[in-house]
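First up is the structure itself, then whatever we jot down about it.
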There are 2 protein chains.
Amino acid sequence: MESKPNPLAAFEAACRKAGLKVTQQRLEIYRELFAATDHPTAEVLHHRLREKLPTISLDTVYRTLATLASHGLINRVETAESLSRFEVTRTPHHHLICRECGGIVDFNWPLIERVKLPEEIGSWGTIDRKSVVIYGICDGCSGSRKGRKGASGTRK
Amino acid sequence: MESKPNPLAAFEAACRKAGLKVTQQRLEIYRELFAATDHPTAEVLHHRLREKLPTISLDTVYRTLATLASHGLINRVETAESLSRFEVTRTPHHHLICRECGGIVDFNWPLIERVKLPEEIGSWGTIDRKSVVIYGICDGCSGSRKGRKGASGTRK
DNA sequence: CTTGATGCAAATAGTTTGCAGGCTC
DNA sequence: GAGCCTGCAAACTATTTGCATCAAG
């Protein structure tokens with residue numbers, strides 16, 4: 001409600017409203033995900049979190065991500081790999097995914113909201129969210145000599 | 001049925017061209033996937049295939065799907081669940097996914113090809129494929145009384 | 001205090017892989 | 001006949017769950 005959009009405070013409020021307890025782990029997980037731009041996996045997130053919360057367990061990260069996602073506070077990003085990636089729910093946006101390094105980058109495409117959807121969709125059900133995923137090869141991978149791990153790639 | 005290009009024959013040709021051997025399992029897997037409209041998982045496909053090929057193993061299904069996908073003959077559909085779903089590569093199309101039953105339905109949206117992409121994408125890399133995923137609740141789930149398993153839902 | 005959240009470890013589930021025999025080419 | 005493909009079983013990896021303990025409300 002403040003003019004100052006403190007995301008952490010907003011998150012706390014959202015938790016309370018949802019009946020979720022505000023724990024240090026949840027705050028840190030959210031803070032970390034909020035700061036991230038690379039759509040980390042649970043494991044990656046866990047690794048980063050251990051710097052601040054050395055005792056946090058991977059299970060808690062998984063559990064918290066699932067909880068927050070079910071409350072719409074974060075999104076599970078679809079990737080075609082067998083890995084779930086997450087992001088904080090922000091304004092509508094879309095994703096660029098590199099086939100090479102698996103990196104995911106956001107982009108905005110407001111124009112698409114203007115495009116009329118096919119009629120047939122009306123008879124399918126109620127639309128909720130529209131997400132465009134564009135696949136390709138990022139410059140980091142194709143431009144450079146060999147298959148480099150792109151800026152935001154996540155390779156083991 | 002005849003006058004049209006026989007998809008199975010085309011598939012065989014594609015396999016040969018790719019240096020893949022044409023085995024009965026591959027033919028049946030492709031045929032089954034071609035006939036399917038519900039983007040089955042490997043396991044679902046395996047179950048269906050056993051009617052015709054009682055001895056086919058789940059591993060073969062997985063392996064074949066991976067092989068065909070790597071040759072672009074089929075697509076792995078991104079779903080946000082932790083399940084991979086597949087479809088035969090056809091003309092460009094998009095997906096409607098029901099949050100309730102998980103059912104996936106195709107739709108065409110040729111208009112989208114006309115919409116100019118944001119400039120920023122040019123500096124990211126080379127675009128390959130554009131895929132729109134629309135989430136919502138299908139009529140089968142919202143319209144009816146309780147959470148029905150939609151026509152093409154895949155619940156265990 | 002009461003209830004829900006965390007950590008730890010063990011359990012699952014989907015998917016992948018090694019190996020020996022079979023079937024395409 | 002040579003090599004790729006299949007089936008079987010065992011291995012992996014990501015993710016989930018049971019339970020005792022601990023912290024938030």
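Below, chain A is the first sequence line, B the second, and so on; all start at residue 1. Worth knowing before you read on, the calculation uses all heavy atoms, side chains too, and leaves out hydrogens, waters and symmetry mates.
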Gap between atoms [atom1] and [atom2], on [X] and [N] respectively (whole Å):
X       : N      : atom1 : atom2 : value
A:Leu27 : D:dA24 : CG    : P     : 10 Å
B:Phe86 : C:dG14 : CZ    : C1'   : 11 Å
B:Leu20 : C:dC23 : CG    : C1'   : 15 Å
B:Arg63 : C:dG18 : CZ    : P     : 10 Å
A:His71 : C:dA5  : NE2   : C1'   : 13 Å
A:Leu65 : C:dA5  : CG    : C1'   : 15 Å
A:Leu53 : C:dG7  : CG    : C1'   : 13 Å
A:Leu49 : C:dA5  : CG    : P     : 18 Å

- If you count the non-hydrogen atoms of other residues, nucleotides and ligands that lie under 6.0 Å from NE2 in B:His47, is the total more than 12?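 No, not enclosed.
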- Query: More than 12 foreign heavy atoms under 6.0 Å from CD of B:Gln24: is that the case here?
  - Reply: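 At most 12 heavy atoms, drawn from other residues, nucleotides or ligands, come within 6.0 Å of this atom.
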Would you say [X] reaches [N]'s phosphate, i.e. side-chain N/O to OP1/OP2 under 4.0 Å?
X       : N      : result
A:Thr23 : C:dG4  : no
A:Gln24 : D:dA24 : no
A:Ser84 : D:dT15 : yes
A:Tyr62 : D:dT16 : no
B:Thr60 : D:dC5  : no
A:Thr55 : C:dG7  : yes

- Query: Between B:Ile29 and A:Leu58, who's closer to the 5' end of DNA chain D by nearest nucleotide?
  - Reply: B:Ile29
Nearest to the side chain of [X] - [options]?
X       : options               : value
A:Arg16 : D:dC8, D:dG25, D:dA14 : D:dG25
B:Arg76 : D:dC4, C:dT16, D:dA23 : C:dT16
B:Val22 : C:dG7, C:dC25, D:dT15 : C:dC25

- Query: Any chance the side chains of A:His95 and A:Asp106 put a donor and an acceptor closer than 3.5 Å?
  - Reply: yes
- In short, A:Lys116 meets B:Trp109 closest at the heavy-atom pair O-NE1, 2.8 Å
- Item | Non-hydrogen atoms of B:Ile134 and B:Phe107 that approach each other most closely |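 So the minimum-distance heavy-atom pair works out to CD1-CZ, 3.7 Å.
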- A:Gln25 or A:Asp59: which one's nearest nucleotide on DNA chain C is closer to the 5' end? A:Gln25
- Assign B:Arg26 to base, sugar-phosphate, or nothing according to its heavy-atom contacts below 4.0 angstrom with the strands shown.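 Touches sugar-phosphate only.
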